[in-house]
Asker: 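Below is a structure I'd like to ask you about.
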Amino acid sequence: MANDENNPLESKKTQDLKASHKTMDGTAMTTNQGLKVNDTNNSLKSGARGSTLLEDFILREKITNFDHERIPERIVHARGSGAHGYFELYDSIEQYSKAGIFTDVNRKTPVFARFSTVAGSKGSTDLARDVRGFAVKFYTEEGTWDLVGNNMPIFFIQDAMKFPDLIHAVKPEPNKEIPQAASAHDTFYDFVSRTTETLHNQIWVMSDRAIPRSFRMMEGFGIHTFRLINEKGDSHFVKFHWKPKLGVHSVTWDEAVKISGADSDFHRRDLWDAIEAGAYPEWELGVQIVPQEDEFKYDFDLLDPTKLIPEEMVPVQIIGKMTLNRNPENFFAETEQVAFLPGHIVPGIDFTNDPLLQGRLFSYRDTQLSRLGGPNFHQIPINRPVVDTHNNQRDGKMQMDIPKGQTAYFPNSLGGGCPHLSKIAEGAFHSYEERIDAKKIRTRSESFNDHFSQPALFYRSLSAWEQQHVADAYTFELGKCNHQHIQERMLWVVAQIDTDLAKKIAKGLGLEIPKSIEQPVNQAIGADAEVEKQQPPKKKNYLDAAPSLSQANTKFESIATRQIAVLVADGFSMKNFKKIKDILENKGAVIKLIAPHGGQVKCDENMEHKVDAAIMTTESVLFDAIYVPGGKVSIEALRQESKFIKFINEAFKHCKVIATDAEGEDLINDTFASKYKEDAALLINRNPTDFVNAIAKHRHWDRLEMVKNLPV
Ligand code: HDE
């Protein structure tokens, strides 16, 4: 019988398979101990209808693993999406920093980036009105550097001590666990109205920055002032900026609400799809450099994380580019287990005394201990540095290495003195030798005590439509509060930023702006401080406007990755469709055919085309623009389906471009758009280049005033 190919039990091939991890079909399923498994559908029983046996180690292993699949979600930034990529430096900035990543233009440093919302749980909607986390891990040749930032350049609070209060106020209220992923509730505004240092970040959250069109279309900021250290040991202050190549774009609040229903994974899917399609997201890294001697030159304190340095005062120098080109293989292993620590820095970069940053240096390592289970989380593949590590730290939960040798202490002779210390010249990290001569004191610096000037500068710098969005957002958020005294107090503090803004909100709330409030406004400086110090100081006006803060001044060049809904039914004009499709796809836009049904549609040249979505499964809010090819039969069919009319009405209301061939005008005549044929972004029978240029503008806000009362 030996070597009989017809007897699988005895064949040479079977014998070989026995000793390998293969089956005839490929990789074998095994237990965690490497034992091959022949049944993963049935437990071991005492008879076919008998009870399951405790002995069934295969069942127990499978279920035990399942029972422990979840780890605690992040206390903040639980909902996130990540991707791999690389960073390239354009020009060395060795005059400021000795970091290899900032001096070696030939390097391609691997990175992993994670974008997130802050308040919501892991399964919450991507489109919450919220700050977005923008965390990047650089696996550099000198060790890992984590730049753990947000998509807004300032933070809510000035001192780490207040972080638990901020987060407890914004998270669902503890008695009823409501609302999920939303700041529009009493506890948040109770806190904000009594902690006016929050107002700057708060007004950014009321702006369109809090509802991005895509992670790929938002800026990132390191927020804190850091230091760069050069070979000579000189320090320069630095703020880090990420600038998206596609410009900064947002959706409207009405879209955000509807996207949350239509596709709550909208941002996650968008990032994944773009990378899969080879449209790799890119951001340029910029630095704002302030010489050490200019530390006290500004009307605000560089150590205060609620203040930005306007680009108009210190320009952003672009020094390199990050490209994300690879999706994770496994969400849990990579995106969930990645651990970002602001304390991960490399020689050439250092901290400042920003009291928020100082607190973060403790918090992130601490949180990983409960989230990832112990001190060895740096050994998880996504967290491993690309360089070898050697030290005398040992043991702990889930030690995954096998440290060798007799010694785990320093100094030693038994281990040959290993591992050895490095000199600074050999690349050792060395903290910047900042001179300190101060009293040990629990306080807030007086120089942090201006809470209104920068929110006012931000609001002044916005375009009219952006200001309107801010007013609408405040009206919505405060309208969701149930306590009038909280609404009124908010009206008073907003009035300190801008009276007209407060008036608009007051009108929406049906309330008056109070003339005064009953308690001091600034709780930050402690109960012992004098009351008059706690009143808002006069606003400073060091800049009339900072145009860089407005999204109206972003890039409007590219239509790459814009999602274009093409509305078709049987009989649509192939000639017209093809012309537009070729031009748009050539420029990187993504065409999706939306039809009355799924499956296929036939064009007027009798060819079949795959439908991307049946109209009942999709919504206009998932697209950036609409094109309706002609073809009389197709247009008549679309007119019969009311969802197509709703689709166009809604896109029109959201200020999107709508283009159609001459025959499509009949369909437009059934929609609200028919009353606005002069509109610059309603293109009937126009040149395809007009369509491309109009899509590049993203949204046509000129339309806002006329469409605001349309009933969609
Ligand atoms: Fe965080 N923050 N944070 N934060 N943060 C966390 O760390 C914390 C702050 C930011 O994708 C946690 O690993 C304190 C500012 C991002 O994994 C936690 C303070 C900025 C992420 C934590 C701040 C951020 C986090 C939760 C005030 C922008 C997600 C899980 C002193 C510069 C990173 C974790 C990721 C995550 C604490 C303030 C950004 C609890 C105590 C300011 C992007 O450790």
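Heads up: numbering here begins at 1 and tracks the sequence. Note that ligands are numbered from 1 as they come in the structure, with each ligand's atoms numbered from 1 the same way.
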Asker: Can you check whether Phe237 and Phe226 have ring centres sitting under 6.0 Å from each other?
Answerer: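 No - the distance between ring centres of Phe237 and Phe226 does not fall below the 6.0 Å cut-off.
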Asker: For atom 1 (Fe) of ligand 1, state how many protein N, O or S atoms fall inside a distance shorter than 2.8 Å.
Answerer: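 The number of such protein atoms is 1.
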Asker: Evaluating non-hydrogen atoms only, which member of Arg74, Gln368, Lys162, Arg114 is closest to atom 13 (O) of ligand 1?
Answerer: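 That would be Gln368.
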Asker: Can you tell me the protein heavy atom closest to atom 33 (C) of ligand 1 and the distance?
Answerer: Phe340 CD1, 3.9 Å
Asker: Out of Gly149, Ala160, Ser116, whose heavy atom sits nearest atom 43 (C) of ligand 1?
Answerer: Gly149
Asker: In the protein, what heavy atom is nearest to atom 34 (C) of ligand 1, and what distance, to one decimal place, separates them?
Answerer: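 Here the nearest protein heavy atom works out to Thr367 CG2, 3.4 Å.
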Asker: I need the atoms of ligand 1 closer than 4.0 Å to a non-hydrogen atom of Ile75, numbered in the order shown.
Answerer: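 Close to Ile75: 40 (C).
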Asker: Taking the six-membered ring of Phe340 as reference, does the cationic atom of Lys137 (NZ for Lys, CZ for Arg) lie under 6.0 Å from its centre and within 45° of its axis?
Answerer: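 Yes, a cation-pi geometry holds between Lys137 and Phe340.
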Asker: If I take atom CD1 from residue Ile203 and atom CG from residue Asn201, how far apart are they, to the nearest 0.5 angstrom?
Answerer: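 Ile203 CD1 to Asn201 CG: 11.0 Å, rounded to 0.5 Å.
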Asker: Show the nearest heavy-atom pair for residues Ala339 and Asp146, with the distance to one decimal.
Answerer: O-OD2, 3.8 Å
Asker: Can the ring centroids of Trp145 and Phe87 be said to lie less than 6.0 angstrom from one another?
Answerer: no
Asker: Do Arg227 and Glu434 sit within salt-bridge range, that is, some charged N less than 4.0 Å from a carboxylate O?
Answerer: yes
Asker: For atom 28 (C) of ligand 1, find the nearest protein heavy atom and state the residue, atom name and distance (0.1 Å precision).
Answerer: Asn150 ND2, 3.4 Å
Asker: Heavy atom of Phe134 under 4.0 Å from ligand 1?
Answerer: yes
Asker: Can a salt bridge be assigned to the pair Arg268 and Asp126 using a cut-off of 4.0 Å between side-chain N and carboxylate O?
Answerer: no
Asker: As an exercise, identify every atom of ligand 1 less than 4.0 angstrom from a heavy atom of Gly222.
Answerer: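 Near Gly222, the atoms of ligand 1 are 32 (C).
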Asker: Evaluate the side-chain proximity of Trp283 to Val136: yes if any heavy-atom separation is below 4.5 Å, no if none is.
Answerer: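 The answer is no, as the side chains (C-beta and beyond) never meet within the 4.5 Å cut-off.
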Asker: Is the closest heavy-atom distance from Ala78 to ligand 1 below 4.0 Å?
Answerer: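 The answer is no: ligand 1 sits nowhere under 4.0 Å from a heavy atom of Ala78.
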Asker: Is the Trp242-Phe115 ring centre distance short of 6.0 angstrom?
Answerer: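 Ring centroids of Trp242 and Phe115 are no less than 6.0 Å from each other.
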Asker: Over all heavy atoms of both residues, which pair between Thr125 and Ser260 is shortest? Give the atoms and the distance, please.
Answerer: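 Here Thr125 and Ser260 meet closest at OG1-OG, 2.9 Å.
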Asker: With side chains defined as the heavy atoms from C-beta onward, is the minimum distance between Val118 and Phe156 less than 4.5 Å?
Answerer: no
Asker: With a cut-off of 4.0 Å, which atoms of ligand 1 are near a heavy atom of Ile223?
Answerer: 28 (C), 32 (C)
